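Here the structure is laid out as structure tokens; the discussion comes afterwards.
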Amino acid sequence: LAEGDGEDGIVILRAKSLSGLVIVLAACHGSPSEQARKLQQTEKSWEVTAQLTTELQQRGAVPEVYARQTLEAANEELEKSRKKSEQPSR
Amino acid sequence: VSKLLEIALGLVTGIGGFLEAGSIATSVQAGAAFGFQLVWAIALGTICIGFLVEMAGRLAAVSKHTLPDAMRERFGIRFFSVVLVAVVVVSFLVLASEIGGVALALQLVTGIRFQWWAPAVAVAVWLLLWAHNFSLVEKGASLLGLVTLVFLIGAIKLHVPIHEVVANLLPSLPHEEPAKYWFMAVSIIGASVSPYLFYFYSAGAVEDHWDEDYLGVNRAIAGLGMSFGGGLAIAVLACAAMVFHSRGIEIDRYEQIPLMLAEPLGRWGFILFVASLGIGCFGAALELALQIAYLMAQGFGWKWGENLKPREAARFSLTYTVMIFLAGLVIFTGIDPLKLTVFSMAITALSLPVTVVPLLVLMNDPQYLGENGNHWIANAAVLFISIVACIVALVAIPLQLAGGS
């Protein structure tokens, strides 16, 4: 509260806490290793999605038309993710 | 007997009308990414909407004012315009999300891309409002919306660990991805506390000529209806946690979501998921389109009413017509409906202080409520949840956008 008295001080303190929170969260969010981990996670997620869809299709739990869409979506997303991981990190 | 019937109808509306694009998308994404950890956000959102719906109904029953009408009278047109813009923008985004939800349900069963369905869905929503008695449509949509109980059946079949659900009713800090965690938390709160729910409810109460005898009915509908609805949203999150989180699947697209019910319930699970998404979103689209028209009409003193013929309330009808077709156009551009939905919910959370604080002021004004004003617990709970959700949204939305999600 050193920067101001009373309400001004409280406002400054709140603004500082908020910007501190943004900085902490941003640091966790944007590092190259974090981005690489996220890409891996996305790839794994879509591989398992495709696996589960195929399994359910074979059990007759989902219709053909739906399974086709989901497998296409999985291929698209895997392709996107692989392209991203091939890009050199800045 | 008639009051018991009204409570029963209110409960059906609460249960059948609670799940829509926002609550399904946010609960599924949260369950897939964080398991049961975000159950508390649904609980918090449900408490908040329970209080708000009860307040909106009480205001209508005691003062005979709808919310916009009372706001314009109490705060003047300048301040009311700010609230109007905030609620219309948020509701429009949510309307587009709901039309996207119906279009996606149709895509899932036909394989035809959702954007081609968007104009047809918009026309269907508009036609029902233009040509039919809305009371019938609303009750029909809510009754059909009971199909969403399938999520509860799915949760039972998946043997969801109840102790984990209960343990996560208390908020906890994220183990990883804090930005995503908080973004999901505010999106869930935004989905639960959509202003259209309580604005629409107050208009319905005025149209049904509620008076102080209805305060008990109002409390029962708000408390029980919203609790059951919140319970359903928790069931959605639990199914997603059991099917997706346990396998490491994260939800990036709507196409993945039906798997959560197809896995435990087979082909019927798939069919009932698509029906839940389609019916839930269609019912919400009807309510949202009407709510935007109500807001404008009640705020500016135009003639309004859900059962009036279009020529009897021309500006009211023109408003919902324009909104529905613009929202359909947004989806027709091919914008990702899942991202639009989750983003709209976060924006809703951001706007909460603007949409909620004026209601709190009204609810504490003896001129409107007499002796039926708010208890301090209701004031404190709603104010706390709204302000915290807004602050977290202020931090989480830019971070999530910067992360490209």
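Note that this is a predicted model, so its numbers are computed, not measured. In what follows, chains are A, B, ... by sequence order, proteins preceding strands, each numbered from 1.
- In this structure, chain A has a heavy atom under 4.5 Å from the side chain of E176(B), while its backbone stays farther away.
- With a 4.5 Å cut-off on non-hydrogen atoms, E76(A) touches chain B through its side chain but not through its backbone.
- When the candidates V109(B), I271(B), D252(B) are compared by the number of heavy-atom contacts under 4.5 Å with chain A, D252(B) comes out ahead.
- With rounding to the nearest 0.5 Å, the separation of CD in E255(B) from OH in Y66(A) is 7.5 Å.
- Between E177(B) and K38(A), some side-chain heavy-atom pair lies under the 4.5 Å cut-off.
- Atom CD of E164(B) has more than 12 neighbouring heavy atoms from other residues, nucleotides or ligands inside a 6.0 Å radius.
- Nearest heavy atoms, A262(B) versus A61(A): O-CB, 3.8 Å.
- Residues L108(B) and Q69(A) are in side-chain contact: their nearest non-hydrogen atoms beyond the backbone lie under 4.5 Å apart.
- Per-residue heavy-atom pair counts under 4.5 Å with chain A were compared for E263(B), R253(B), R247(B), and the maximum is reached by R253(B).
- Interface remark: T53(A) contributes backbone and side-chain atoms alike to the contact with chain B (heavy atom separation under 4.5 Å).
- Here the closest heavy-atom approach between residue Q256(B) and residue S45(A) is recorded as NE2-OG, 4.1 Å.
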